[in-house]
Amino acid sequence: MRATILHAPGDIRVEDVPAPELINPTDAIIRTAVTCVCGSDLWPYRGVEPTDEPHPMGHEYVGIVEDVGGEVSSVKPGQFVVGSFATSDNTCPNCRAGYQSNCARREFMSTCQAEYVRIPNAHGTLVATPDLPADEFVPSLLAVSDVMGTGWYAAVAAEVRPGSTAVVVGDGAVGLCGVIAAKELGAERIIAMSRHESRQKLALEFGATDIVTERGEEGIARVKDLTNGVGADSVLECAGTPEAMQQALRSTRPGGNVGFVGVPHDVAIDGQELFFSHVGLRGGPAPVRDFLPDLIQRVLDGRINPGKVFDLSLPLEQVAEGYKAMDERRAIKALLTP
């Protein structure tokens, strides 16, 4: 089969590799319908995370079940399924508490930019749609497998409530999906921080009420201006940089909450500042599996359309252009069709 391999920073290729096979009785094999490039894939692509040897890429996927192991009864061949970047048995104590991304049997997916994918813990990871979805829903179902689920978790972790004010730091696919989540959870005011016109436009379409273009101390001051000097009830940190975290924490009112889902890189938090701020902080890898049934239904009901974050569609063979376009911020998110 054809699969994406990262050889070195900036060197991404599509190559012939052996097709996956069932290894454990809890595995499934799916034929990929669509996959995509994630903002977090850019960390190793840029060399921020080391690449010691060539390795496959991709952790977002939807597709058709081809085969299942003997212990998989939740899905069957022929069904269209959505999964998560973190596999889970959905039965361990962490899973039952709603944190499937910290399952005791967790495995992180990393081979999904390919024609076929082996899904470990398939019995607890995959959720089948009621029927084969219409083509128009497929991009949004793919978004649900990561960026929509991650944006949703940012809003849940930040405790977005009906009538509240939410700020979204980060205008990538996760941040834009965070705007959707904040609106769906009832935020009355949603402030999106963005300097890019196309992303601002999409944020407003998704439900943002205000756009803040300033960053750093100026951005914090602007949020305070918009909230009568108090700060926001909830802030969704969707970037993972030190500047984004500081902006998030200092834009939150005392007693408010920050949900951080951007994978942290060189982020350090001042314990005393956090202590005296009375700001709550929760985040981590999103427990997407916990949200899948609800988000899938919202997509199929036409309530949300997170697939609009895909503003570049390419065949898998052109995956290198997808990485390049996202790295250069010419694209929000690249959709790949095997």
Side-chain angles (χ1 to χ4, degrees), residues 1-24 27-63 66 83-87 101 106-121 125 139 142-143 145-147 150 170 172-174 238-241 261-267 285-286 288 309-338:
M1 70 168 187
R2 302 291 279 167
T4 301
I5 308 294
L6 179 68
H7 284 258
D11 184 4
I12 194 91
R13 311 176 196 173
V14 176
E15 301 178 352
D16 288 319
V17 301
E21 298 179 349
L22 298 174
I23 297 175
N24 301 310
D27 289 347
I29 304 297
I30 68 166
R31 173 169 48 86
T32 308
V34 287
T35 181
C36 55
V37 181
C38 183
S40 62
D41 293 332
L42 298 180
W43 295 111
Y45 178 77
R46 291 168 173 160
V48 177
E49 294 176 359
T51 299
D52 298 324
E53 59 184 19
H55 61 82
M57 294 292 290
H59 54 264
E60 298 159 282
Y61 58 95
V62 294
E66 291 280 303
S84 167
F85 59 84
T87 73
S101 51
R106 174 185 67 189
E107 294 186 39
F108 284 113
M109 298 299 299
S110 61
T111 62
C112 300
Q113 291 166 9
E115 293 179 310
Y116 294 87
V117 184
R118 181 180 71 90
I119 313 295
N121 297 311
T125 300
L142 176 61
S145 78
D146 184 358
V147 290
T150 297
V174 171
C238 303
T241 65
V261 295
V263 180
H265 285 77
D266 299 319
V267 172
V288 171
V309 299
F310 295 108
D311 56 348
L312 177 63
S313 295
L314 297 167
L316 179 64
E317 292 293 334
Q318 295 180 28
V319 65
E321 170 56 20
Y323 274 79
K324 191 169 186 289
M326 287 178 62
D327 182 44
E328 296 173 353
R329 296 184 75 83
R330 291 186 284 111
I332 299 171
K333 195 166 178 66
L335 182 81
L336 305 171
T337 303

Donor-acceptor pair, distance only, cut-off 3.5 Å: does the side chain of His265 make one with the backbone of Val263? yes
Taking the inter-plane angle between the rings of Tyr45 and Tyr323 on a 0 to 90° scale, is it parallel (under 30°), tilted (30 to 60°) or perpendicular (over 60°)? tilted
Go through it in stages, so that I can follow the logic: the residues are Leu314 and Val319, the test is side chain to side chain contact (heavy atoms under 4.5 Å, CB included), and I'd like the CA-CA distance, side-chain angles, deciding distance and then a yes or no. CA-CA 7 Å; Leu314 297 167; Val319 65; over 6 Å; no
Donor-acceptor under 3.5 Å (Arg106 side chain, Ser101 main chain): yes
Please determine whether side chain to side chain contact (heavy atoms under 4.5 Å, CB included) holds for the pair Met109 and Val117, giving the CA-CA distance in whole Å, both sets of side-chain angles, and the decisive distance to 0.1 Å. CA-CA 9 Å; Met109 298 299 299; Val117 184; 3.5 Å; yes
Does the pair His59 and Cys38 meet the rule for a side chain to side chain contact (heavy atoms under 4.5 Å, CB included), with working shown? CA-CA 8 Å; His59 54 264; Cys38 183; 3.5 Å; yes
Determine all donor-acceptor pairs shorter than 3.5 Å in which one atom belongs to a side chain in residues 16-23; sequence neighbours excluded.
| unit_1 | atom_1 | unit_2 | atom_2 | d |
| --- | --- | --- | --- | --- |
| Asp16 | OD1 | Arg2 | NH1 | 3.2 |

To the closest 0.5 Å, what do you measure between CE (Met57) and CD1 (Ile12)? 5.0 Å
Do side-chain atoms of Thr32 reach the backbone of Ala114 as a donor and acceptor pair under 3.5 angstrom? yes
Roughly how far apart are Lys333 NZ and Glu60 CD, rounded to 0.5 Å? 3.5 Å
Go through the steps to decide whether Thr150 and Phe85 satisfy the test side chain to side chain contact (heavy atoms under 4.5 Å, CB included), and finish with yes or no. CA-CA 10 Å; Thr150 297; Phe85 59 84; 4.0 Å; yes
Quick check: are there more than 12 heavy atoms from other residues, nucleotides or ligands sitting under 6.0 Å from CD of Glu328? yes
Please report the interatomic distance CD(Glu115) to CG(Leu316), rounded to the nearest 0.5 Å. 7.0 Å
Between Gln113 and Cys36, is there a donor-acceptor pair closer than 3.5 Å when you use the side chain of the first and the backbone of the second? yes
